[in-house]
Amino acid sequence: MDPTSGPDLGPVLTALARTAVATSFGPRPPRARELLADAPPALGERAATFVTLERDGTLRGCIGTLTALRPLGFDVVRNARLAARDPRLPAVAADEVPALTVKVAVLTPPEPVPVRDFAALIDGLRPGEDGLTLKDADHRATFLPSVWATAPDPERFVAALLRKGGWPRRYWTGDPRSAPWPEGLEAERYGTVDYVGRP
């Protein structure tokens, strides 16, 4: 069964992510297997996920997996607990958990984008639909499809991703269409099925 289709897993996944965070503060947090004891079979299918935690519209953590390495339920537990301690932000406190908005994105399998210049990449993107990963030997970065809400223009979307990934300024300042294609750069697109659990 494809975990991105079929019955609505939203309430199950967002509740699981919230529970994973809420139970992570003690000296011996329960293992994912314990939290998943009564989980539906779809949570046993391999899937890649991102878990995003927000409070009052402010990001509190976002961690994810781009490749389906483990069962869906295990991936959500792992990423929820890591998101609560996202190294870019202050760690989530136990008393914040009830006020968190929990977002779980289940990724569709990535597919290569067979281009070798930024103009073709930009022209081929589907705003609001495509997640994008760029990677070469020294850099790697991804934007979920949800990022289109803050960067709706394809040029801006790609430039922001190049900046996030640490590529030199010449790739993301000015018009990215005219920037040279870095040696060894590969692009992949993917979609997501998004679920939101509010406080």
Side-chain angles (χ1 to χ4, degrees), residues 1-6 8-10 13-14 45-54 57-59 61-70 72 75-76 79 82-83 86-89 101-196:
M1 178 181 168
D2 181 353
T4 63
S5 64
D8 181 14
L9 296 176
L13 292 176
T14 55
E45 299 291 325
R46 285 194 177 200
T49 69
F50 270 73
V51 176
T52 302
L53 307 176
E54 297 177 353
T58 300
L59 181 67
C62 180
I63 298 289
T65 315
L66 288 169
T67 306
L69 300 173
R70 57 187 67 83
L72 172 58
D75 207 57
V76 168
N79 291 336
L82 290 175
D86 189 327
R88 300 168 297 176
L89 300 162
T101 294
V102 179
K103 300 180 179 180
V104 177
V106 182
L107 279 60
T108 63
E111 58 183 50
V113 182
V115 295
R116 287 294 174 265
D117 65 77
F118 285 113
L121 175 65
I122 289 165
D123 289 340
L125 287 174
R126 298 167 294 192
E129 185 176 342
D130 285 337
L132 181 64
T133 301
L134 297 176
K135 57 186 177 180
D136 62 20
D138 300 314
H139 309 87
R140 178 173 174 156
T142 195
F143 274 161
L144 295 171
S146 59
V147 174
W148 287 103
T150 56
D153 177 79
E155 287 88 350
R156 186 174 161 200
F157 186 88
V158 170
L161 183 55
L162 289 164
R163 182 176 184 178
K164 175 188 177 186
W167 277 273
R169 288 179 60 89
R170 66 180 179 276
Y171 294 113
W172 47 266
T173 54
D175 180 3
R177 288 176 176 275
S178 60
W181 189 261
E183 182 178 354
L185 182 67
E186 297 179 2
E188 292 181 337
R189 78 167 96 228
Y190 58 89
T192 60
V193 179
D194 300 321
Y195 304 107
V196 180

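No experiment lies behind these values; they were computed from the predicted model shown.
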Euclidean distance, Leu13 CG relative to Asp8 CG, rounded to 0.5 Å: 9.0 Å
Straight-line distance of Asp194 CG to Thr52 OG1, nearest 0.5 Å: 8.5 Å
Backbone N/O of Trp172 and side chain of Trp167: donor-acceptor pair under 3.5 Å: no
Evaluation steps, side chain to side chain contact (heavy atoms under 4.5 Å, CB included), between Leu121 and Leu134: CA-CA 11 Å; Leu121 175 65; Leu134 297 176; 4.1 Å; yes
Validation row: Leu69, Asp75 side chains within 4.5 angstrom (heavy atoms): no
Polar side-chain atom of Trp148 near backbone of Asp130 as donor-acceptor pair, under 3.5 Å: yes
Approximate separation, where rounding is to 0.5 Å, of Thr133 OG1 and Leu66 CG: 4.5 Å
Considering all heavy atoms, the nearest Pro127-Pro154 contact: CG-CG, 4.0 Å
Residue pairs, two or more places apart or on separate chains, that pass ring pair (Phe, Tyr, Trp, His ring centres under 6.0 Å) and touch residues 104-129: Phe118-Trp181
Atom pair OG1/NZ of Thr14 and Lys103 - distance to nearest 0.5 Å: 12.5 Å
Neighbour count >12 (heavy atoms, 6.0 Å) for atom CZ, Arg70: yes
Pairwise side-chain contact, Val106 with Leu9, heavy-atom cut-off 4.5 Å (strictly under): no
Separation of Leu125 CG from Glu155 CD (nearest 0.5 Å): 9.5 Å
Exercise: identify the closest heavy-atom pair between Pro145 and Gly128: CB-O, 4.2 Å
Minimal non-hydrogen separation, Ala179 against Arg170, with atom names: CB-O, 3.9 Å
side-chain contact (heavy atoms from CB on, under 4.5 Å) against Glu186, all qualifying residues, sequence neighbours excluded: Lys135
CD on Glu183 to CG on Asp136, rounded to 0.5 Å: 9.0 Å
Cys62 backbone acceptor or donor facing Asp86 side chain under 3.5 Å: yes
Side chain Asn79, main chain Thr49, donor-acceptor under 3.5 Å: yes
Nearest atoms (heavy-atom pairs only) where Leu107 meets Phe50: CD1-CD1, 3.9 Å
Arg177 bridged to Asp123 by N-O distance under 4.0 Å: yes
With Tyr190 via side-chain hydrogen bond (donor to acceptor under 3.5 Å, both in side chains) - residues at least two apart: Thr142
